[in-house]
*Asks:* 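Just dropping this structure here.
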Amino acid sequence: MALLMILITCFMIILATSQPCQTPDDFVAATSPGHIIIGGLFAIHEKMLSSEDYPRQPQIQKCVGFEISVFLQTLAMIHSIEMINNSTLLSGVKLGYEIYDTCTEVTVAMAATLRFLSKFNCSKETVEFKCDYSSYVPRVKAVIGSGYSEITMAVSRMLNLQLMPQVGYESTAEILSDKIRFPSFLRTVPSDFHQIKAMAHLIQKSGWNWIGIITTDDDYGRLALNTFIIQAEANNVCIAFKEVLPAFLSDNTIEVRINQILEKIILEAQVNVIVVFLRQFHVFDLFNKAIEMNINKMWIASDNWSTATKITTIPNVKNIGKVVGFTFRRGNISSFHSFLQNLHLLPSDSNKLLHEYAVHLSACTYVKDTDLSQCIFNHSQRTLAYKANTAIERNFFMRSDFLRDYAEPGLIHSIQLAVFALGYAIRDLCQARDCQNPNAFQPWEKIQSKCSKECSPGQMKKTTRSQHICCYECENCPENHYSNQTDMPHCLLCNNETHWAPVRSTVCFEKEVEYLNWNDSLAILLLILSLLGIMFVLVVGIIFTRNLNTPVVKSSGGLRICYVILLCHFLNFASTSFFIGEPQDFTCKTRQTLFGVSFTLCISCILTKSLKILLAFSFDPKLQKFLKFFYKPILIIFTCTGIQVVICTLWLIFAAPSVEVNVSLPRVIILECEEGSILAFGTMLGYIAILAFICFIFAFKGRKLPENYNEAKFITFGMLIYFIAWITFIPIYATTFGKYVPAVEIIVILISNYGILCCTFFPKCYVIICKQDINTKSAFLKMIYSYSSHSVSSIAVSHASLDSMNGSVTMTNLSSSGKSATWQKSKDLQAQAFAHTCRENTTSVSKTLPRKRISSI
């Protein structure tokens with residue numbers, strides 16, 4: 001009796017696995033109701049059984065070859081939909097799903113697509129023909145899948161009729177990026193173009209230039225081959241052979257072609273690197289046969305099989321050689337692992353895949369985890385006994401770790417992204433609609449909807465903490481960055497030397513070239529002050545020329561010295577014009593040299609005047625002798641100025657100033673004069689400062705001259721103004737940047753030039769114009785005689801005091817000796833000597849000093 005029951009059970013299973021589907025519902029692999037239905041296409045079985053009927057009838061046959069990795073992909077879709085339903089993303093709206101097994105066959109996938117496109121809530125399962133499907137409500141709102149590009153292309157062409165969104169999680173064929181042929185196709189993985197480019201780059205960098213390539217005979221394989229050939233040629237890589245395998249396992253020639261390809265590899269002994277664009281089941285069979293034939297090569301894996309756990313379970317797989325592959329981006333799938341732990345709690349009445357997995361798993365109860373996948377695959381192709389539900393649930397619980405280890409993180413993450421992308425799109429559409437009503441929106445509307453609003457030009461995408469790359473925030477491009485397209489992942493950097501961009505810019509703007517221009521308001525003000533200074537110089541020259549023979553002009557050193565000093569002031573004022581306008585090499589070299597030499601000549605002339613004044617009114621014989629020795633006006637002027645000329649010449653020869661383009665500022669380019677050598681520039685200014693300091697010392701010593709002749713006091717004031725201006729200049733010049741740097745030096749030049757001009761010439765002009773009564777020879781002689789007499793009296797009193805002290809000492813000594821006669825004699829002699837000394841000194845001073853003063857005048 002027991003034997004009879006087993007035979008009946010086996011018969012029923014054989015009948016179930018051999019008969020095609022009887023109704024459309026039999027065709028569904030897994031389903032769950034909801035307000036909005038999402039379709040899914042997965043190649044859960046590797047091939048569809050061939051019909052033994054003749055003639056062949058248009059029937060969908062049963063599929064065999066249960067794939068654990070693809071079964072896990074369907075669970076990933078179910079888990080992602082449950083995550084959305086259990087969250088607040090679609091409040092009050094439940095997502096449902098209909099998942100179909102494509103059996104790795106285009107025809108089966110097309111049959112599932114027809115059901116996706118059938119009219120919603122129609123008992124006849126019909127697809128209506130319309131000229132306009134804008135208001136058509138199909139059975140599902142979107143489709144996820146299929147995995148293989150060949151199947152995806154066929155499905156997408158049908159879905160284009162209603163512009164139903166199709167999100168690919170594994171299809172990487174580059175042609176699918178063509179929005180003209182596949183307008184409703186989207187994907188969460190990059191196209192093969194990037195993978196193939198990386199492969200060619202890897203091969204070139206590794207020094208391999210003689211390789212082979214194996215692809216599938218479908219659109220995916222042919223497109224990958226063509227793209228790889230182009231990239232290989234660009235990287236100087238030669239292809240020894242190109243071999244093609246049938247795309248589907250249902251083709252009976254696969255085994256023959258694998259043997260032929262392996263024989264080709266053995267013959268091409270120089271080829272040690274082989275690029276493989278195949279599906280997992282192709283690689284599985286290829287490697288098993290290669291291990292038997294002791295073939296050991298370097299295999300470059302495409303993302304189709306690079307992380308396939310099934311390949312790693314091949315016995316002695318390490319003998320195949322080394323495998324280098326490219327894979328998809330991975331994400332956090334810890335929640336999916338938790339889902340697998342509780343898989344035994346998932347109802348299996350509406351999930352035929354789960355039930356089938358339980359049946360296969362029960363037949364492989366005592367198989368190790370490493371061999372479990374192959375056991376399930378083998379047993380899925382023949383009759384299996386049915387086990388009780390309790391035993392199945394126990395096996396689920398016991399083998400959940402096997403499923404977790406078999407999951408491919410990259411593909412699981414891609415499926416999660418696809419489901420959540422649709423979830424966010426539905427959320428946006430349902431914000432102003434009642435999505436519990438299936439007619440709330442049409443599928444084509446979701447194509448315009450995204451998880452996040454697109455970032456406009458001038459913005460970039462900033463990934464949020466969510467693991468989904470489709471969900472992001474828009475962030476404005478920072479300064480000097482731009483983006484000129486929507487949804488750019490990052491902003492592009494402007495060329496900081498020539499361009500700039502404000503915040504949230506869509507283009508880069510050329511930097512404006514700036515310098516102290518002639519029409520700048522500050523430049524105009526400085527030019528007016530310079531012209532005013534030149535006018536003052538001319539007016540003073542005219543006044544001195546017209547009053548050439550007056551004592552004031554003669555006391556200034558004569559017309560030649562005055563003309564030289566005025567010429568220096570004129571050149572100093574004129575030199576400021578070289579600091580304005582577009583910098584040129586000539587102006588950069590001229591402006592500092594002209595100012596340095598002319599200002600040095602001016603200070604040298606004033607130094608000789610200070611020395612002359614000190615010499616004229618000094619009563620110290622030693623100081624007079626020292627000053628007379630050094631007082632050679634022409635030699636002083638030429639020597640002092642000559643040293644500055646040498647400094648400037650060496651500066652121009654070895655480190656001449658030149659035009660510099662300053663691009664350090666964010667929005668402008670500054671044209672400025674680079675001084676060439678800070679040391680030379682500092683030496684030039686420092687030398688002028690040394691001369692000015694000497695001049696200041698000499699003038700300071702002569703500050704107590706006659707009131708009407710106190711030129712030294714004004715020279716002292718002029719030098720003080722110079723020092724204050726240039727001491728202030730140093731920190732300001734060092735901290736100022738931009739086009740107004742030359743203006744700082746112009747201001748300092750004007751201040752020092754005006755200070756010396758006013759202190760040197762304006763008091764004299766005041767005397768010439770307003771005090772003509774004291775600008776006469778007699779008035780000057782009287783003033784000098786009065787000053788000289790006062791000075792002589794002071795000297796006489798000093799001598800008298802000294803002689804009186806000496807006399808007192810002498811008288812004291814004499815009185816102690818008690819010799820009164822001698823004391824009296826000495827007293828008379830001392831008195832006579834004192835009188836003679838006073839007369840002699842008075843006469844000498846009265847005769848000598850006036851002549852010196854007159855000659856100086």
Side-chain angles (χ1 to χ4, degrees), residues 458 476-484 491-534 571-596 651-652 655-682 684-685 725-726 728-753:
N476 292 337
C477 291
E479 192 172 7
N480 289 330
H481 291 74
Y482 75 99
S483 63
N484 53 9
C491 297
L492 305 176
L493 178 65
C494 297
N495 184 346
N496 286 335
E497 294 187 358
T498 57
H499 292 76
W500 72 280
V503 176
R504 197 176 181 178
S505 178
T506 58
V507 294
C508 288
F509 300 96
E510 286 191 17
K511 286 186 175 181
E512 183 180 353
V513 178
E514 287 191 355
Y515 48 85
L516 190 59
N517 211 331
W518 292 100
N519 56 8
D520 189 276
S521 56
L522 179 59
I524 294 173
L525 176 63
L526 296 176
L527 285 174
I528 292 173
L529 293 175
S530 298
L531 292 174
L532 185 63
I534 291 173
L571 293 177
N572 287 336
F573 284 122
S575 69
T576 58
S577 63
F578 291 95
F579 290 83
I580 302 174
E582 182 177 353
Q584 305 288 340
D585 283 340
F586 172 75
T587 57
C588 291
K589 294 174 182 178
T590 303
R591 65 182 193 175
Q592 299 291 5
T593 304
L594 179 61
F595 163 71
W651 184 8
L652 293 176
S658 59
V659 179
E660 183 183 60
V661 179
N662 186 349
V663 296
S664 61
L665 295 179
R667 299 191 179 189
V668 295
I669 297 175
I670 302 296
L671 286 183
E672 58 187 8
C673 288
E674 201 276 321
E675 303 302 348
S677 171
I678 297 298
L679 178 63
F681 183 48
M684 182 199 77
L685 296 179
W726 285 94
T728 307
F729 163 78
I730 294 173
I732 296 177
Y733 186 83
T735 56
T736 304
F737 57 89
K739 68 176 184 179
Y740 290 111
V741 172
V744 176
E745 190 169 354
I746 293 175
I747 292 171
V748 176
I749 291 173
L750 291 177
I751 292 174
S752 55
N753 213 32

*Asks:* Verify side-chain contact (heavy atoms from CB on, under 4.5 Å) between Thr506 and Tyr482, making sure each step is shown before the conclusion.
*Replies:* CA-CA 5 Å; Thr506 58; Tyr482 75 99; 5.9 Å; no
*Asks:* In the structure I gave you, are the side-chain heavy atoms of Trp726 and Ile749 within less than 4.5 Å of one another anywhere?
*Replies:* yes
*Asks:* Would you call Asn662 and Ile669 a side-chain contact if the rule is heavy atoms closer than 4.5 Å?
*Replies:* no
*Asks:* Closest approach of Pro583 and Val659, non-hydrogen atoms and distance?
*Replies:* O-CG2, 3.6 Å
*Asks:* Verify side-chain contact (heavy atoms from CB on, under 4.5 Å) between Ile747 and Ile732, making sure each step is shown before the conclusion.
*Replies:* CA-CA 11 Å; Ile747 292 171; Ile732 296 177; over 6 Å; no
*Asks:* Could you measure the distance from the CD atom of Gln584 to the CZ atom of Phe578? Nearest 0.5 Å is fine.
*Replies:* 12.5 Å
*Asks:* I need the Ile534 CD1 to Thr576 OG1 distance, nearest 0.5 Å.
*Replies:* 7.0 Å
*Asks:* Mind listing the closest non-hydrogen atom pair of Cys588 and Arg591 along with its distance?
*Replies:* O-CG, 3.8 Å
*Asks:* Compare every heavy atom of Leu526 with every heavy atom of Ala743, then report the nearest pair and how far apart it is.
*Replies:* CB-CD1, 3.9 Å
*Asks:* How many angstroms lie between atom CD of Glu479 and atom SG of Cys491, to the nearest 0.5 angstrom?
*Replies:* 13.0 Å
*Asks:* May I ask you to decide if the ring planes of Phe729 and Phe681 are parallel, tilted or perpendicular, using 30° and 60° as cut-offs?
*Replies:* perpendicular
*Asks:* Report yes if the side chains of Ile580 and Ile746 come closer than 4.5 Å at any heavy-atom pair, otherwise no.
*Replies:* yes
*Asks:* Judged by atom type as modelled, is there a donor-acceptor pair below 3.5 Å linking the side chain of Ser577 to the main-chain atoms of Ala574?
*Replies:* yes
*Asks:* With heavy-atom distances below 4.5 Å as the criterion, would you say the side chains of Tyr733 and Val748 are in contact?
*Replies:* no
*Asks:* Show me, pair by pair, the donor-acceptor contacts under 3.5 angstrom made by side chains of residues 511-519, not counting sequence neighbours?
*Replies:*
{"unit_1": "Lys511", "atom_1": "NZ", "unit_2": "Asn496", "atom_2": "O", "d": "2.4"}
{"unit_1": "Lys511", "atom_1": "NZ", "unit_2": "Val663", "atom_2": "O", "d": "3.2"}
{"unit_1": "Lys511", "atom_1": "NZ", "unit_2": "Leu665", "atom_2": "O", "d": "2.9"}

*Asks:* Quick one: NE2 on His481 to CG on Asn476, what's the gap to the nearest 0.5 Å?
*Replies:* 13.5 Å
*Asks:* Check whether any side-chain N or O of Ser505 sits under 3.5 Å from a backbone N or O of Gly458 as a donor-acceptor pair, and report yes or no.
*Replies:* no
*Asks:* Where is the tightest heavy-atom contact between Lys589 and Ala656, given as atom of each residue plus distance?
*Replies:* CE-CB, 3.8 Å
*Asks:* What distance do Glu745 atom CD and Gln592 atom CD have between them, rounded to the nearest 0.5 Å?
*Replies:* 4.0 Å
*Asks:* Mind listing the closest non-hydrogen atom pair of Asn480 and His499 along with its distance?
*Replies:* OD1-O, 4.4 Å
*Asks:* Checking Leu529 against Phe573 for the side-chain contact (heavy atoms from CB on, under 4.5 Å) test, could you report, in this order, the C-alpha distance in whole Å, the side-chain angles of both residues, the deciding distance, and whether it holds?
*Replies:* CA-CA 9 Å; Leu529 293 175; Phe573 284 122; over 6 Å; no
*Asks:* For Ser575 versus Phe595, what's the shortest heavy-atom pair and its separation?
*Replies:* OG-CB, 4.0 Å
*Asks:* For side-chain contact (heavy atoms from CB on, under 4.5 Å), just list the numbers for Glu675 and Trp651, CA-CA rounded to whole Å, side-chain angles, deciding distance to a tenth of an Å, and then say yes or no.
*Replies:* CA-CA 9 Å; Glu675 303 302 348; Trp651 184 8; 4.0 Å; yes
*Asks:* Would you say that Lys739 contacts Val668 through its side chain, given a criterion of any heavy-atom pair below 4.5 Å between the two side chains?
*Replies:* no
*Asks:* Rounded to the nearest 0.5 Å, what separates atom CE in Met684 from atom CG in Leu679?
*Replies:* 12.5 Å
